[in-house]
Amino acid sequence: MADEQTPETTEGAAEQPSQQFAMQRIYLKDLSFEAPMGADAFRKQWKPQVNQELNTKTNKVEDGLYEVVLTLTITVKLEEETAFLVEVHQAGLFTIQGIEGQQLAQVLNTMCPNILFPYAREAIDNVVTKGSFPALMLPPINFDALFAQAVAQAKQKAEAAGEPTVN
């Protein structure tokens with residue numbers, strides 16, 4: 001009896017569009033490491049100033065297939081000199097169907113970067129230790145909060161410019 005469907009359930013399922021989200025591939029698109037101070041970086045007391053920049057870029061490859069690239073740039077300075085700079089472009093291909101508009105933007109800017117971030121963090125830590133610097137474990141990033149903040153800022157900008165906003 002538990003396996004039987006009532007007519008209401010069958011009709012409701014037919015009306016709802018099928019949503020699909022699947023990771024197809026994760027890959028390292030670009031990686032750069034520079035240590036401009038050279039050996040001088042190892043002769044100074046290690047009191048680094050760490051600056052982190054984050055960016056995401058989305059490219060629609062074809063219908064239902066998106067490439068998302070998470071770019072992390074880490075600059076570590078000793079006093080005023082750059083000890084090292086590392087930049088990683090961690091990318092992924094994602095199948096997303098039946099999701100549109102604001103919900104699609106949220107998936108592309110929160111779920112996809114959440115999946116990519118651990119790979120980017122590991123690549124950065126790996127290259128930094130190979131450069132003979134102390135391990136650099138980046139803290140987790142709340143992409144949902146960043147997305148909500150970006151949406152709020154865009155809404156404020158639109159209101160300030162006198163443009164109508166869509167909720």
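All figures in this text were calculated on a predicted structure; none of them were measured in a lab. These values consider heavy atoms only, across backbone and side chains, with no hydrogens, waters or symmetry-generated copies.
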What distance separates [X] [atom1] from [Y] [atom2], expressed to the nearest 0.5 Å?
{"X": "Ile99", "Y": "Leu104", "atom1": "CD1", "atom2": "CG", "result": "7.0 Å"}
{"X": "Thr110", "Y": "Asn142", "atom1": "OG1", "atom2": "CG", "result": "9.5 Å"}
{"X": "Phe147", "Y": "Leu108", "atom1": "CZ", "atom2": "CG", "result": "9.0 Å"}
{"X": "Lys77", "Y": "Met37", "atom1": "NZ", "atom2": "CE", "result": "11.5 Å"}
{"X": "Ile74", "Y": "Asn51", "atom1": "CD1", "atom2": "CG", "result": "8.0 Å"}
{"X": "Gln90", "Y": "Arg121", "atom1": "CD", "atom2": "CZ", "result": "12.0 Å"}

Indicate the ring-plane relationship of Phe84 and Trp46, choosing parallel, tilted or perpendicular according to the 30° and 60° boundaries.
parallel

Would you check, one step at a time, whether the test side chain to side chain contact (heavy atoms under 4.5 Å, CB included) holds for Glu81 with Leu78?
CA-CA 5 Å; Glu81 293 184 76; Leu78 296 176; 5.7 Å; no

Answer yes if [X] and [Y] sit in the same cluster of Ile, Leu, Val, Met, Phe, Trp and Tyr residues linked by side chain heavy atoms under 4.5 Å apart, and no otherwise.
{"X": "Leu146", "Y": "Ile115", "answer": "yes"}
{"X": "Met111", "Y": "Val151", "answer": "no"}
{"X": "Val88", "Y": "Phe143", "answer": "yes"}
{"X": "Val50", "Y": "Leu72", "answer": "yes"}
{"X": "Leu65", "Y": "Ile26", "answer": "no"}

Quick check on Lys44: does its NZ atom have over 12 non-hydrogen neighbours (other residues, nucleotides or ligands) under 6.0 Å away?
yes

More than 12 heavy atoms of other residues, nucleotides or ligands under 6.0 Å from CZ of Phe117: yes or no?
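Counting other residues, nucleotides and ligands, CZ of Phe117 exceeds 12 neighbours.
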
Do you know the tightest heavy-atom contact between [X] and [Y]?
{"X": "Cys112", "Y": "Phe21", "result": "SG-CE1, 3.8 Å"}
{"X": "Ala41", "Y": "Phe133", "result": "CB-CE2, 3.9 Å"}
{"X": "Gly92", "Y": "Leu116", "result": "N-CD2, 3.8 Å"}
{"X": "Leu136", "Y": "Asp125", "result": "N-OD1, 2.9 Å"}
{"X": "Glu67", "Y": "Ala91", "result": "OE2-CB, 4.4 Å"}
{"X": "Ala135", "Y": "Thr129", "result": "CA-CG2, 3.7 Å"}

Please examine the side chains of His89 and Ser32, heavy atoms only from C-beta on, and report whether any two atoms are closer than 4.5 Å.
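Contact flag for Ser32/His89 side chains = no.
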
Any side-chain heavy atom of Asp144 within less than 4.5 Å of one from Gln106?
yes

Under the side chain to side chain contact (heavy atoms under 4.5 Å, CB included) rule, what do Thr58 and Phe94 come out as? Steps first, then yes or no, please.
CA-CA 10 Å; Thr58 303; Phe94 299 89; over 6 Å; no

Between Thr95 and Gln24, a side-chain donor and acceptor under 3.5 Å
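A donor-acceptor contact under 3.5 Å links the two side chains.
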
Indicate yes or no for a side-chain donor-acceptor contact from Asn126 to the backbone of Glu122 under 3.5 Å, with no hydrogens or angles considered.
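No; zero donor-acceptor contacts below 3.5 Å.
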
Yes or no on side chain to side chain contact (heavy atoms under 4.5 Å, CB included) for Leu93 and Tyr27, after CA distance, side-chain angles and deciding distance?
CA-CA 9 Å; Leu93 286 175; Tyr27 55 99; 4.1 Å; yes

Pair Val86-Leu31, side chain to side chain contact (heavy atoms under 4.5 Å, CB included): steps then yes or no
CA-CA 7 Å; Val86 62; Leu31 176 64; 4.2 Å; yes

Have a look at Leu54 and tell me which of Leu138, Thr73, Leu70 forms a side chain to side chain contact (heavy atoms under 4.5 Å, CB included) with it.
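So the option named by the test is Leu70.
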
